[in-house]
Protein chains: 2
Amino acid sequence: MAGQKVQRQTGVALWRQIADRIRTSINHGDFDEAGMVPPETALALQFGVNRHTIRSALAALAQEGIVRAVQGRGTLIERKERLSFPISRRTRFSQGIGDQVRETRSVLLATSEEPASTELARQLKIKIGTRLVRLETLGQADHRPVSRATSWFPADRFGAIAEIYRTTGSITKAFRELGVPDYVRVVTEITATHADEGDLADLQLSPGAIVLVAQALNADLDNIPVQYSISRFAADRVRFTVEN
Amino acid sequence: MAGQKVQRQTGVALWRQIADRIRTSINHGDFDEAGMVPPETALALQFGVNRHTIRSALAALAQEGIVRAVQGRGTLIERKERLSFPISRRTRFSQGIGDQVRETRSVLLATSEEPASTELARQLKIKIGTRLVRLETLGQADHRPVSRATSWFPADRFGAIAEIYRTTGSITKAFRELGVPDYVRVVTEITATHADEGDLADLQLSPGAIVLVAQALNADLDNIPVQYSISRFAADRVRFTVEN
DNA sequence: TCAAAATGTCTATTGATATAGACAACCATA
DNA sequence: TATGGTTGTCTATATCAATAGACATTTTGA
């Protein structure tokens with residue numbers, strides 16, 4: 001694997017490009033045998049840059065907690081992870097990744113009531129201006145933030161959902177208490193974009209990082225829409241799996 | 001929309017962060033009424049940076065062909081597009097986006113024959129070392145590159161697929177000629193990452209750009225795997241839609 | 001036709017990024 | 001314990017990124 005090129009004068013510093021590539025390689029398992037990253041001098045040769053530039057890249061990865069440099073020995077890999085997140089008719093946050101991590105948790109960041117916009121009314125198949133409950137939530141796996149989501153629910157049926165969610169930390173349980181024994185995923189739209197200000201804060205990312213955006217519509221068993229949500233996932237921590 | 005913050009000293013130049021945000025806004029339709037981007041002075045105020053920094057961002061977008069500055073008038077939006085790409089049991093490249101653009105085309109970049117790696121053997125449910133045909137293809141919509149894909153097919157059944165694909169430009173037709181009247185998508189894995197060197201060239205992207213990566217397995221009607229592919233899409237040009 | 005508003009161009013200065021080289025400090029092991 | 005390989009630190013220099021200000025050029029519309 002000789003001479004991987006990096007692009008200059010593109011507005012993305014070399015150290016950041018290299019940090020992104022090394023992080024990808026770690027997640028891909030390229031250095032699993034040694035359990036550590038190649039020496040700085042080797043990386044400098046490989047990427048065709050100065051050793052100091054490599055050091056900047058590794059310092060950034062150390063800041064993220066991905067590697068740890070030990071003088072005299074080398075740079076050890078501390079953590080590698082990319083959770084597989086299934087998307088199916090029965091998509092649930094905690095269930096889907098439950099067998100991949102020790103602990104999943106969901107935190108309510110904020111909630112409010114607001115009238116349905118044109119777009120939300122179209123998605124939820126209701127009239128514009130219908131009152132909705134909005135929930136801002138943060139999904140965590142083993143105490144590391146994985147996703148942040150904004151969800152809307154018709155207020156007439158689910159006015160109390162925020163309070164129930166706050167105590168149970170589960171949408172599924174909240175639905176059950178409010179007379180929806182089961183629900184299914186109708187459609188999911190997936191895009192990718194750069195992390196915005198909120199992503200950087202909530203998901204603990206660095207600028208230029210990527211988020212996968214999933215816009216989803218859930219309906220009850222009578223096919224009546226019950227939830228529309230926009231979830232943003234740290235792209236280097238998750239992968240979506242669509243089973244057909 | 002006042003005072004959107006940009007992050008400093010993160011290895012991503014301010015002009016690039018701002019270019020990415022403006023591109024996203026354009027694709028989101030934020031400036032559709034005017035058909036043009038706000039004045040440079042207004043953007044400078046909004047992002048809290050110098051006007052020259054805004055000009056660098058707009059120059060980058062002009063280079064991509066997304067906007068065009070006209071002295072005395074303003075900066076016009078030239079192009080906005082994000083194709084919707086359905087993922088379902090019957091996912092096909094050209095069919096899926098056929099009604100959204102005037103012309104879709106698929107080009108064969110390269111082909112070769114190679115033995116199955118451990119990973120490919122696992123996916124295609126064959127023995128390691130089984131001979132495979134590898135196809136490198138480029139998908140275009142209205143003469144703009146949208147995706148690049150690497151596909152593998154068992155060589156015993158599909159040894160001639162490269163030649164047929166080269167003339168027809170269609171996997172579906174090639175399958176049909178080789179005795180596979182129909183096929184279905186078994187599973188799709190979706191991730192997002194930064195564009196690599198090949199993406200930049202083939203998809204005409206700039207560094208720091210995002211690609212959506214879809215790893216897919218297709219099987220014939222007897223549920224025997226016929227194709228494993230890794231497709232890379234320019235994230236700002238497509239969106240995946242999962243119908244459940 | 002003039003003025004306002006917008007983009008285009010130029011100079012100057014500061015801080016971040018990248019290269020280059022040298023050497024210190026530390027670890028593993030022969 | 002001596003040696004080779006590794007990370008840590010320092011100085012110096014050149015280029016890119018960002019700010020600041022001034023003014024020219026073009027378009028639009030009052």
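Worth saying up front: this structure is predicted, and the values here are computed from it rather than measured. Order of the sequence lines fixes the chain letters, A, B, ..., with proteins taken first and strands second; residue numbering starts at 1 for each chain.
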Query raised in the report: Counting just side-chain N and O atoms, does A:T53 come under 4.0 Å of either OP1 or OP2 of C:dT17?
Result: no
Rounded interatomic separation in angstrom, taking [atom1] from [X] and [atom2] from [N]:
X	N	atom1	atom2	value
A:Q17	D:dC16	CD	C1'	14 Å
A:R55	C:dG21	CZ	P	17 Å
B:I54	C:dT7	CD1	C1'	14 Å
A:I18	C:dA18	CD1	C1'	10 Å
B:M36	D:dT28	CE	C1'	11 Å
A:L43	C:dA18	CG	P	16 Å
A:L76	C:dC27	CG	C1'	12 Å
A:L45	D:dT6	CG	C1'	16 Å

When you get a sec, tell me which of [options] is the closest nucleotide to the side chain of [X]?
X	options	answer
A:L14	D:dT19, C:dG8, C:dT19	C:dT19
B:P39	D:dT19, C:dT19, C:dA6	C:dA6
B:W15	D:dA17, D:dT26, D:dT9	D:dA17
A:N50	C:dT19, C:dT17, D:dT9	C:dT19
A:H52	C:dG21, D:dT19, D:dT7	C:dG21
A:A13	C:dA18, D:dA18, C:dT19	C:dA18

Query raised in the report: Does the distance from a Lys or Arg side-chain N to an Asp or Glu carboxylate O, for A:D196 and A:R148, drop under 4.0 Å?
Result: yes
Requested in this report: Kindly give the heavy-atom pair with the smallest separation between A:A235 and B:A192, and that separation in Å.
Outcome: CB-O, 3.8 Å
Query - More than 12 heavy atoms of other groups within 6.0 Å of A:E119 CD - result: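 It does: A:E119 CD has more than 12 such atoms within range.
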Report task. Over 60° means perpendicular and under 30° means parallel, so classify the ring planes of A:F233 and A:F240, tilted if in between. Result ->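 It falls in the perpendicular class, over 60°.
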**Report entry** 5' precedence on DNA chain C between A:V70 and A:R51 (nearest-nucleotide basis)
**Finding:**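 The answer here is A:R51.
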Query - Pairwise 5' ranking along DNA chain C for B:V12 and A:R73, keeping only the more 5' one - result: B:V12
Query raised in the report: Does the base of C:dA25 carry an N or O that pairs as donor and acceptor with the side chain of A:Q71 under 3.5 Å?
Result: yes
**Report entry** Atom pair CG (A:L124) and CG (A:L217), whose distance is rounded to the nearest 0.5 Å
**Finding:** 6.0 Å
Query raised in the report: Hey, does B:T75 reach any base, or is it just sugar-phosphate, or nothing, if we go heavy atoms under 4.0 Å?
Result: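 Touches sugar-phosphate only.
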